[in-house]
Each structure stands twice: as C-alpha cells, then as structure tokens.
Amino acid sequence: MGTAFAITLVFVGCCSNVVFLELLVREFPGCGNIVTFAQFAFIAFEGFIFETNFGRKKPAIPVRNYVIMVTMFFTVSVINNYALNFNISMPLHMIFRSGSLIANMILGIIILKKRYSPSKYLSIALVSAGIFICTIMSAKQVNVANKDSVEDGFYAFLHWLIGIAMLTFALLMSARMGIFQETLYKQYGKHSKEALFYNHFLPLPGFLLLSADIYNHYVHFNLSTPVEVPVIGMMVPVMWVYLLANIITQYVCIRGVFILTTECTSLTVTLVVTLRKFLSLIFSIVYFQNPFTLWHWVGTAVVFIGTLLYTEVLSNLQAALRGPPVKEKKVE
C-alpha cells in the first residue's frame with residue numbers, strides 16, 4: 001500500500017503541478033526563484049509543526065548528512081527552475097530531465113563500480129538518442145525564431161546553450177543525490193517525512209542570495225489581474241492563486257517521491273518519475289499548444305521505449321502473464 005499510495009501522489013501531484021508552473025512561467029518566465037522559495041517555505045513550515053513537533057523531535061539521521069543532501073537538492077531545484085530563463089521550453093525542460101536514467105548509470109559505473117547487461121546499455125543509447133533528437137530540434141527552433149537578426153540569433157543560441165549546460169549539471173547532481181539518499185536509508189532506516197522536512201528547511205537561508213529577484217516578482221504578482229476566490233469571497237491577484245495551487249501540488253508531488261525513495265530502489269523511483277514526466281509532457285503539449293514537431297514526437301517515443309527497456313517492464317510483464325513455472329511431479 002505504501003508504494004501504491006506514493007505512486008498515486010507522484011502522478012496526481014506532479015502532473016497537476018506542471019500545469020500551474022507553466023501558467024506562472026508563461027506570464028513571468030523568470031519567476032522560478034519565488035516559486036521555489038514558496039514551495040520550500042511551505043513544506044518546511046508544515047514539517048516543523050507536524051514532523052519535528054516544533055523542533056523538539058531529534059532527527060534519526062545525523063543533520064550533517066542532511067546538510068550534504070540539502071546542498072545538492074537546493075542546487076538542483078534552483079538551477080532547474082532558473083534554466084527556464086535561457087530559451088528552454090517546458091517540453092524540452094521535461095524531456096531533458098528524463099535523462100536521469102543516463103545520469104544514474106554513469107554515476108553508478110563511476111562511483112559504485114557497477115556493471116550492466118547489454119540490454120541496459122542499449123536502453124541508455126535509446127534514451128540518449130531521444131534526448132539528442134529533441135535537443136537538436138529545439139535548437140533549430142531557437143535559430144528560426146531569431147532569423148531576422150544574425151547577431152540576435154547568435155546570442156539567443158548562446159543563451160540556449162547556457163540553459164542546456166545548466167540542465168546537464170542539474171541532471172548529474174540529481175543522480176548523485178539519489179545514490180547518496182539510498183545509501184543513507186540503508187544505513188539509518190526509512191525516514192521519508194524527516195528527510196522531506198530537512199531537505200526544505202535547511203536551504204531557506206540560501207534564498208537570501210536571491211532576495212532581490214524574489215521581491216521583484218512579489219511586486220509583479222501583486223499587479224497581476226485580480227480574480228475572485230469563492231472560498232474566501234475576495235479578489236486575489238491571479239498569480240498568487242496559481243502560486244498557491246503550485247505549492248500544494250508540489251507538496252503532494254515531493255511527498256510521494258520521498259515516500260517512494262524509502263519503499264523502492266532508486267531505479268524504480270527513476271522509472272516512476274520518468275513516466276510522470278512523459279504524461280506531463282503530453283498534457284503540456286496538448287493543453288498549452290506548445291510547438292512540437294514530428295521529430296519531437298519521435299525523440300519522446302525513443303526516450304519512453306528506452307526507459308521501458310532499461311527497467312525490463314515488458315519482460316517482467318510477460319513473465320507475470322505466463323505465471324509461475326509448473327513443477328514436474330516425481331515419478332516413483
């Protein structure tokens with residue numbers, strides 16, 4: 001039940017969270033910092049009350065280990081959101097982050113000295129090819145959008161390359177965090193709520209470095225179109241409504257992911273998150289009418305097939321359908 005509940009939280013929370021994130025980003029592309037700060041503050045406040053009992057509960061895992069995890073988690077969250085400022089579309093953003101399987105395999109080989117079967121390497125090649133196709137097609141869209149000015153097109157392309165570099169770094173850092181987190185749970189036991197709190201509470205002072213940008217978007221949010229909220233019967237700027245919905249759905253999403261990390265291996269977590277991103281991608285394209293060519297669809301399909309091959313879903317499904325092997329009766 002724990003695994004099924006966590007997977008449900010991930011799909012419901014994360015998929016709906018993408019919708020509200022895109023509504024925010026479409027209005028203010030650079031609002032990633034205020035969104036991230038609001039998410040962290042809400043989850044930390046909730047955890048401080050219900051998990052730590054106002055700070056009276058001693059953590060099961062030493063805080064120094066959380067500091068290491070938090071540094072990685074904070075860096076990944078900020079960089080992923082900030083990358084949207086560099087000509088990175090939401091579909092490309094989601095597809096590129098689906099490369100977590102590649103990052104996990106690379107770091108598994110380097111850090112844990114793991115070796116994989118030929119089918120695993122084939123699946124990674126497929127995922128890499130899919131991401132490469134989508135990345136190249138998005139690069140062409142950037143160039144076409146700025147074809148009226150060669151100079152503007154060149155700087156837009158450089159801007160886009162910075163965004164790609166940021167996503168690549170965040171991808172590798174996220175994979176390293178997953179390995180570190182799995183190691184901690186093996187050593188100290190499963191503590192998903194505790195990890196959720198400390199991963200959002202400890203980074204809060206870091207947002208002081210981003211205070212100017214956060215305040216700037218706070219002012220912009222206040223000036224957005226007011227809408228009536230039936231629950232409270234008041235007119236509220238629409239961007240604050242979107243942000244609140246984003247915070248709540250993010251809490252549901254991240255809660256599901258943290259529960260999943262305590263119930264399953266990092267490989268299973270990666271599969272669930274990748275499938276969630278795939279569904280979010282489809283919804284984003286259809287609902288928001290994002291530009292998506294035939295080659296983008298091909299790349300997405302290749303990423304999806306590679307993910308299924310990596311996790312051996314099809315072979316396990318076939319084995320389950322065949323049922324347990326029939327034991328032969330001994331002839332006396």
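Quick caveat: nothing in here was measured; it's all calculated off a predicted structure. Just so it is clear, the values below take in all heavy atoms, side chains as well, and ignore hydrogens, waters and symmetry mates.
Around the CZ atom of Phe45, the shell of radius 6.0 Å holds no more than 12 heavy atoms that belong to other residues, nucleotides or ligands. A 6.0 Å sphere centred on OH of Tyr218 holds no more than 12 heavy atoms belonging to other residues, nucleotides or ligands. Counting non-hydrogen atoms of other residues, nucleotides and ligands closer than 6.0 Å to OH of Tyr215 gives a total of 12 or fewer.
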Point to revise | side chain to side chain contact (heavy atoms under 4.5 Å, CB included) assessment of Ile247 paired with Phe20 | key: CA-CA 9 Å; Ile247 291 171; Phe20 294 109; over 6 Å; no

Review point. Would Tyr66 and Leu184 satisfy side chain to side chain contact (heavy atoms under 4.5 Å, CB included), going step by step from the backbone distance to the final call?
Key: CA-CA 9 Å; Tyr66 280 123; Leu184 284 182; 5.6 Å; no

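Cluster membership check: Leu24 shares its hydrophobic cluster with Val219, using side-chain heavy-atom separations under 4.5 Å among Ile, Leu, Val, Met, Phe, Trp and Tyr. Hydrophobic clustering (side-chain heavy atoms under 4.5 Å, transitive across Ile, Leu, Val, Met, Phe, Trp, Tyr) keeps Leu208 apart from Val35. Under the 4.5 Å side-chain contact rule for hydrophobic residues, Val19 and Ile254 share a cluster. Note: the hydrophobic cluster containing Met72 does not contain Leu172 (ILVMFWY, side chain heavy atoms under 4.5 Å, direct or indirect links). If you chain together hydrophobic residues whose side chains sit under 4.5 Å apart, Met235 and Val241 never meet in one group.
Proximity of the aromatic rings of Phe221 and Tyr242 is defined here by a centroid distance below 6.0 angstrom, and this criterion is not met.
For Asn80 (side chain) and Val76 (main-chain N/O), a donor-acceptor pair under 3.5 Å exists by modelled atom type. Within the 3.5 Å criterion, the main-chain N or O of Ala170 finds no donor-acceptor partner in the side chain of Ser174.
Residues His200 and Leu196 have side chains in contact (heavy-atom distance under 4.5 Å, counting atoms from C-beta outward). Using a 4.5 Å heavy-atom threshold, the side chains of Phe258 and Gln181 count as touching. With contacts defined as side-chain heavy-atom distances shorter than 4.5 Å, the pair Asn222/Trp240 qualifies. The closest side-chain heavy-atom distance from Ile34 to Phe28 is not below 4.5 Å. In this structure the side chain of Met239 never reaches within 4.5 angstrom of the side chain of Pro237, judged on heavy atoms. Here the side chains of Asn17 and Gln39 are in contact, with some heavy-atom distance below 4.5 Å. Contact of the Phe54 side chain with the Phe48 side chain is registered, since non-hydrogen atoms from C-beta on lie closer than 4.5 Å. Inter-residue side-chain proximity for Phe37 and Asn33 is flagged as unmet; no heavy-atom pair is nearer than 4.5 Å.
Shown are Arg56, Lys57, Lys193; of these, the salt bridge (charged side-chain N to carboxylate O under 4.0 Å, His left out) with Glu51 is made only by Lys57.
Nearest approach of Val238 to Ser224, heavy atoms of both residues: N-OG, 3.5 Å. Nearest heavy atom pair, residue Ala60 against residue Tyr188, reads O-CD2, 4.1 Å. Counting all heavy atoms, side chain and backbone alike, His159 lies closest to Asn85 at NE2-O, 3.2 Å. Nearest heavy atoms, Pro203 versus Phe40: CG-CE2, 3.7 Å.
Counting side-chain heavy-atom gaps under 4.5 Å among Ile, Leu, Val, Met, Phe, Trp and Tyr, Leu209 is found in no cluster with other residues. The hydrophobic cluster containing Ile248 also includes Leu244, under a criterion of side-chain heavy atoms closer than 4.5 Å among ILVMFWY residues, counted directly or through chains of members.
Taking the six-membered ring where tryptophan is involved, the planes of His217 and His220 are perpendicular, since the angle between them exceeds 60° and thus also 30°.
In this structure, the separation between CZ on Phe207 and OG1 on Thr36 is 5.5 Å, given to the nearest 0.5 Å.
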